[in-house]
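Working notes, structure below.
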Amino acid sequence: MHNKYLWVLICVIGGLALFVELFLLSSTIDYFPLHPTVGDLGNHIAKLYFLDTFGFHKYNPLWYHGITTFRFYPPGWSYFTIPLYWMTNNLLLATYLGLIMAFIVGFFGVLFLGRIAGLSWIKTLSLYLLIFSSYHLINFVLGLGRYPELLSWMLFIFLFGIVWYYKDRKVTWGFFWSIPVFSLMLLTHSYPVVVSCLLYLSLLLTREEIKEYVIIIISFLVPFFITFFWWKGLFFLLNQQNGHLYGAGQELIDPRTVISSNTIIIIGFCVAMFLYLRTFSDNKEKYFSAPFILTAFLLLSRNIAMIPVFNQLPVNSYNIFFLILTVFYFIKVSQKKYKTIIPIILLLGIISSSLYSFYFITPELSYTDLDKQFIELIPNSNGRVWIDNETQDAYHDKLNAFAASMYNKTVSSGHDTDTPSQNVVMINNIKYKYLEALQKSRDDLRNRDCELFTEDIHALEADEIITYDEPCKFLVDCGFTIKERTKDLCLMVIK
């Protein structure tokens, strides 16, 4: 088979995989994402609503005991999507249209990179689909509702293109075009920002003149000053972590991860880099590639756990980063050598990735019977509502996002990565932080302690409760009044 047809086949399969996923995700236009597989999407929909209703860095009374909007989470995706909300006056439709717009941004980014790298149109389109229809992006970014991270990866492609342009050229003041791109990334999602530092380091290692060093360093630092109004709050968040590992530093210490998709991608990257560097006799390409190779080694050896900041990134973010590099370098090699074998390898890769994605693909959303019961009760609640989480915390979080964003309801909890208000709650003359008091109320209800739960719920300043049938019967005996009930739930007024 002529290698051109292999590239066409790659585009067809990748395009089909992406179309199917986007089609299934279109169900989010009609259904709020309460499904357990859609992860953070409800949170982002709520943030979009909060930005429109309260503004940036403003007090939001709807979650917890009040929070400051976007105190720790970047606002970029919400600002990117809010014009669509203004045009449609529909949160769910605006969110889906924002997803489509993000893919369009990524398409222009890959067109830019392809032109800079001298790729043909078919290889440029293949690059786009091999990356953005991959299992890792579909299942771990789209499937988990991480739309802000997706948008930041789209912007990363632009930054990669700018760095690649100056790789073999003298760095001039034109490199300042990287400043708005990197600034937008900082305001959109932090994971692609961290690995972007490797791009700046790669460029620095290939420079000879002091002026070039100055331009690169200024271009790297200025975005942090531009976005200081937001990221200064991150210092507080980092101080709260006390060095706890929650990303690759924790994930990769599990021996079972030795045989994983991360290992496969890193090995693929090493093969692509080996073939690519073989085509060059000078050391400049080796210097440019050194930060990527070193990071790959740290991941394979699990020593990434010892590197501050880098050990906080989830493994999947590294997978996406090295997937981009692997596909790009394989395609670059195919321009000079292995013009048939490389497209065959990439074709087999996208076929296996697509089959794996279809097996674990995000299902078309709909409401379960329990969802419908919550949706029936939430609009009829008044005041601050305490929603029970006896089933699972993830579902409970999505219900809080739904209540706040779709019905403007005030809830005792939330679905937020930001740290809620640090207000102190007094229960029996004992001081609790708000989140501690909230957890205490859940524990006391599970333990069926009527007196303690009543004290908790009053301290949390809740007015009504939505809980399940069995706790409902218990709370009736405690003196709470049923306001409305469904088959499995009840809405109660606090005595």
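One-based numbering along the sequence shown.
- Taking the salt bridge (charged side-chain N to carboxylate O under 4.0 Å, His left out) definition, one finds that K332 meets it with nothing, sequence neighbours left out.
- For L150 against A102, the heavy-atom pair with the smallest separation is CD2-CB, 4.3 Å.
- Classified by interplanar angle (parallel below 30°, tilted 30° to 60°, perpendicular above 60°), the ring pair F56/Y79 is tilted.
- Both tests pass for R169 against the ring of Y165: distance under 6.0 Å to the centre and angle within 45° of the axis.
- Looking at Y96, its side chain does come within 3.5 Å of a backbone N or O of L22 through a donor-acceptor pair.
- The closest side-chain donor-acceptor pair between E285 and T279, if any, does not fall under 3.5 angstrom.
- A salt bridge links K170 with E209: the closest approach of a Lys/Arg side-chain nitrogen to an acidic carboxylate oxygen falls below 4.0 angstrom.
- Below 30°, between 30° and 60°, or above 60°: for F224 and F182 the angle between ring planes is above 60°, a perpendicular geometry.
- More than 12 heavy atoms of other residues, nucleotides or ligands shown are found within 6.0 angstrom of NZ on K284.
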Please lay out, stage by stage, how F321 and Y191 fare under the test ring pair (Phe, Tyr, Trp, His ring centres under 6.0 Å).
CA-CA 10 Å; F321 173 66; Y191 296 159; over 10 Å; no
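- Taking every heavy atom of both residues into account, G42 and P33 meet most closely at N-CG, 3.7 Å.
- Within 6.0 Å of OH on Y287 lie no more than 12 heavy atoms contributed by other residues, nucleotides or ligands.
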Passes side-chain contact (heavy atoms from CB on, under 4.5 Å), L187 versus F229? Steps please.
CA-CA 10 Å; L187 290 174; F229 68 94; 3.9 Å; yes
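- For an aromatic pair to be called close, the ring centres must be under 6.0 Å apart, and Y73 with H44 satisfies this.
- Nearest heavy-atom pair across W86 and D52 is NE1-OD1, 2.8 Å.
- With L97 as the fixed residue, the side-chain contact (heavy atoms from CB on, under 4.5 Å) test singles out one of I29, L84, T81: L84.
- Ring geometry for W164 against Y276 counts as tilted: the plane angle lies between 30° and 60°, on a 0 to 90° scale.
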Set out, in order, the CA-CA distance, both residues' side-chain angles and the distance that settles ring pair (Phe, Tyr, Trp, His ring centres under 6.0 Å) for W153 and F156, then state yes or no.
CA-CA 5 Å; W153 282 117; F156 171 85; 5.4 Å; yes
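- The minimum heavy-atom distance between P74 and T188, with the atom names listed, is CG-O, 3.3 Å.
- Residues Y200 and S219 come closest through the heavy atom pair OH-O, 4.1 Å.
- No option in I341, V271, L275 other than L275 meets the side-chain contact (heavy atoms from CB on, under 4.5 Å) test with V333.
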